[in-house]
Q: 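Can you keep this structure in mind? I'll have questions shortly.
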Number of protein chains: 2
Amino acid sequence: MSALSDVARIAQVSKATASRALSGNGYVSAETRDRVVAAAATIGYVVSSNASSLVTGRTRNVGVVIPHINRWYFGDVLEGIESALIAAGYDLTLYRLSSDAAERRRVFEYFLVRKRVDAVIAVGIELTPHEVGLLGGLAKPIVGIGGPIQGIPTLSIDDVAAAALVTEHLISLGHTSIMHFGGDQQSEMDFRVHSQRLAGFRQAMDAAGLASGDDTFRATELSMPGGYELALSVLADPRTRPTAIVAGSDEVAIGTIVAARQLGIHVPAQLSVVGIDGHELAPMFGLTTLAQDPGAQGASAVEQVMAELDGESAAVRAWTPYPVRLEVRSSTTAPLTA
Amino acid sequence: MSALSDVARIAQVSKATASRALSGNGYVSAETRDRVVAAAATIGYVVSSNASSLVTGRTRNVGVVIPHINRWYFGDVLEGIESALIAAGYDLTLYRLSSDAAERRRVFEYFLVRKRVDAVIAVGIELTPHEVGLLGGLAKPIVGIGGPIQGIPTLSIDDVAAAALVTEHLISLGHTSIMHFGGDQQSEMDFRVHSQRLAGFRQAMDAAGLASGDDTFRATELSMPGGYELALSVLADPRTRPTAIVAGSDEVAIGTIVAARQLGIHVPAQLSVVGIDGHELAPMFGLTTLAQDPGAQGASAVEQVMAELDGESAAVRAWTPYPVRLEVRSSTTAPLTA
DNA sequence: ATGAAAGCGCTAACAG
DNA sequence: CTGTTAGCGCTTTCAT
């Protein structure tokens, strides 16, 4: 493997000059630079990022911690982050956090701390103050996606408002028997997203004077199979079946629709369903959903990180709700007495 | 940031001894090791992987190149790789390759070469001999997933046989008018997967004496919207509509089913559909599909890489077909005259 | 079993 | 504008 010294020797300059010529830092005469660049090209020289990082303290690499890869919302966010990072010339090191606490500790206390990453983006994970402190102590920027984290900038929609909005949509259609298929309230993993969406749902129901008690909420994994299984069991009984469902995610919504159709329930004539993610596949299913843009949120997070890395650390340390709008489609929601 | 020298000073040993105690390489008396470990713990010492990599030449990091993140098959493979890597104490650096040739070159000639990764796993991407040579010249192990690559070990199913199998299934059900909704034959990205599946389809059709000409094949992006759009246009005309579809992926299959139902076509009474990936969501849709296990393939790839990294470089340099079986479900395929 | 010393490959002052 | 010098933090002979 050729080193900088080889380039220097061939170009007949010192290592320092070669370094300057290649990195673009510092003055180098045009002709010298050309010689150096040519020399580097002929021997196929590429910097050793290790050596370079060791002295500069910068790795041009950011760590991304995320609970799932193969879920619509998370996959979209990840793609958005990936594109933005590559465009900025940064590497992306991926850590999937399971609910296993020991593994989580290992990621934070070992993997993320070894001077391997310049910054961390946490997607859909509520960092503990301890974890924030760990990274913060190393002066590594952190930005979150998916919900407020104490003391660091976070991008997310206003989940309470979002859930309230879709619920109101259903109510405005004349529905009175509405259920929320949401995330497990115990799950530490995904922020307060679950509880906030439930809160928004209840808020809208209460405001309309509708029942919002325990039997209007059922917890499930926020996945297609999750929604499917739950819907199969809840919708089977025609006497207790609601006329509308506020799904905790688009995947849950689709799962619910598939199950309903399988039970012979007509969507939307007999059951209206709304989602919350605004995934690109939603239109295909005609799903009425909130239009948040996960990919764009990922890209914004990268922007934030880059800004902080460039010293603009006075960035927004507070949470800013990401704007959303309700995308109304005809095929999964309908007036109650259409 | 505390360094090894700090640990050494506190434990009252030399840096060399501290290093040995912490890494477990070389002789250290039990009591000395305890002192060192304790010292490291109190100041929260973590090795700088840069410094360590610089001298050892090993990064404990593997690069993964993959064309999509948010597709069932690829997401599953990626999850499998991630888990296996973390378990082995390795980091995973993710590169999504678009069809942009310039970007692809940049990834191979810049990102992957800077002594940042110990090995590369290429998923669903046919590496060129040049790319293989690039990494090979650096003595970095490469393993592929998804199809044969010249000169390196690759994991994949036998796509010709797989496509033939699902096609035969349809034929055995009495279908004679069968179409293949597969991947674009021009796409360089995804190996020969597309053409191989088409070949398998034609092989089975020909063997049964059925028409397998150009009008039995339609190309689409191997995604749900891809399958959906294509099905919408192809299935609309009842006079030319086939009775069965061999989908190029599970996503295409689902998209096709959704479109068919939307057109009022009953699946499987009027249209039978088979997929090829065996995704975990297939059962939910009752999809008849091949059972390949993408996650397991990812894990196997990691095993291969680790073996090569441990010097067992005499590993299988040839392609070994990954075993599959056909999972027959009742709801998306049926005898023609049921 | 432990320590001293020599780098790994590069960048960043500081002179000139 | 270019060269000299001094490390970045760690591992690894080679002595002891």
Side-chain angles (χ1 to χ4, degrees), chain A residues 1-40 43-61 89 110 113-118 138-140, chain B residues 1-40 43-61 89 110 113-118 138-140:
Chain A
M1 204 56 226
S2 50
L4 184 61
S5 56
D6 299 321
V7 177
R9 187 168 23 75
I10 297 176
Q12 314 214 57
V13 294
S14 68
K15 276 165 49 183
T17 303
S19 173
R20 283 189 283 254
L22 261 12
S23 69
N25 284 92
Y27 295 107
V28 183
S29 75
E31 77 175 312
T32 306
R33 178 174 40 250
D34 291 349
R35 265 212 331 283
V36 172
V37 169
I43 63 174
Y45 168 79
V46 181
V47 276
S48 156
S49 32
N50 277 318
S52 158
S53 296
L54 186 55
V55 36
T56 61
R58 299 287 289 266
T59 63
R60 297 192 75 79
N61 179 57
Y110 177 65
V113 174
R114 303 174 293 177
K115 292 189 154 298
R116 271 247 170 132
V117 299
D118 288 341
L138 270 41
K140 294 196 190 310
Chain B
M1 204 53 224
S2 51
L4 184 61
S5 55
D6 299 321
V7 177
R9 187 168 24 73
I10 296 177
Q12 316 215 57
V13 294
S14 68
K15 276 165 48 183
T17 303
S19 173
R20 283 189 282 253
L22 261 13
S23 70
N25 285 91
Y27 295 107
V28 183
S29 75
E31 76 175 314
T32 306
R33 178 173 41 249
D34 290 349
R35 263 209 336 278
V36 172
V37 169
I43 64 173
Y45 168 80
V46 180
V47 275
S48 155
S49 32
N50 277 317
S52 157
S53 295
L54 186 55
V55 36
T56 61
R58 298 287 288 269
T59 63
R60 296 193 76 78
N61 180 56
Y110 177 65
V113 174
R114 303 174 293 177
K115 292 190 155 299
R116 272 246 170 133
V117 299
D118 287 341
L138 270 40
K140 292 197 193 306

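Chain letters run A, B, ... following the sequence lines, proteins first, then strands; residues in each count from 1.
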Q: Does a nitrogen or oxygen in the side chain of B:Ser5 sit under 4.0 Å from OP1 or OP2 of D:dC10?
A: no

Q: Verify the contact: side-chain N or O of B:Thr32 to OP1 or OP2 of C:dT2, cut-off strictly under 4.0 Å; return yes or no.
A: yes

Q: Take atom CZ of A:Arg60 and atom C1' of C:dC10, then tell me their distance rounded to the nearest Å.
A: 16 Å

Q: Rounding to an integer number of Å, can you tell me how far B:Arg58 CZ sits from C:dC8 P?
A: 19 Å

Q: Can you tell me if B:Thr17 touches the phosphate of C:dG3, counting only side-chain N or O atoms and a distance under 4.0 Å to OP1 or OP2?
A: yes

Q: Round to a whole Å and report the spacing from CZ of B:Arg9 to C1' of D:dC10.
A: 16 Å

Q: Could you tell me how far apart A:Glu31 (CD) and D:dC1 (P) are, to the nearest whole angstrom?
A: 11 Å

Q: A:Ser49 and A:Ser52: side-chain donor and acceptor closer than 3.5 Å?
A: no

Q: Taking N and O atoms by type only, does the side chain of A:Arg20 place a donor or acceptor under 3.5 Å from a partner on the base of D:dG3?
A: yes

Q: Roughly how many Å is it from CZ in A:Arg33 to C1' in D:dT2, rounded to a whole number?
A: 14 Å

Q: Would you mind telling me which of C:dG3, D:dG3, C:dA12 lies closest to the side-chain atoms of B:Ser14?
A: C:dG3

Q: Is there a side-chain contact between A:Leu4 and A:Tyr45 in this structure, where contact means two heavy atoms from C-beta onward sitting under 4.5 Å apart?
A: yes

Q: Ignoring the backbone of B:Ser29, work out which of C:dT2, C:dT11, D:dT2 is nearest its side chain.
A: C:dT2

Q: Side-chain N or O of B:Ser48 versus OP1/OP2 of D:dC8: is the shortest distance under 4.0 Å?
A: no

Q: Looking only at side-chain atoms of A:Val55, point me to the closest of C:dT2, D:dG7, D:dC10.
A: D:dG7

Q: Considering only heavy atoms from C-beta outward, does the side chain of A:Thr32 approach that of A:Thr17 to under 4.5 Å?
A: yes

Q: Could you tell me the separation between the CG atom of B:Leu22 and the P atom of C:dA1, rounded to a whole number of Å?
A: 18 Å

Q: Between atom CG in A:Asn50 and atom C1' in C:dT11, what is the gap in whole Å?
A: 14 Å

Q: Is there a side-chain contact (heavy atoms from CB on, under 4.5 Å) between B:Leu22 and B:Val47 once you walk through the steps?
A: CA-CA 9 Å; B:Leu22 261 13; B:Val47 275; over 6 Å; no

Q: Name the residue closer to the 5' end of DNA chain D, choosing between B:Ala16 and B:Leu54 according to the nucleotide with the nearest heavy atom.
A: B:Leu54

Q: Would you say B:Tyr45 reaches D:dC10's phosphate, i.e. side-chain N/O to OP1/OP2 under 4.0 Å?
A: yes

Q: What's the CD-P distance between B:Gln12 and C:dG3, to the nearest Å?
A: 10 Å

Q: A:Val117 versus A:Lys140: any side-chain heavy-atom pair under 4.5 Å?
A: yes

Q: Mind checking if B:Lys15 touches a base, just sugar-phosphate, or nothing, with heavy atoms under 4.0 Å?
A: base

Q: Please confirm whether the shortest side-chain N or O distance from A:Ser19 to OP1 or OP2 of C:dT11 is below 4.0 Å.
A: yes

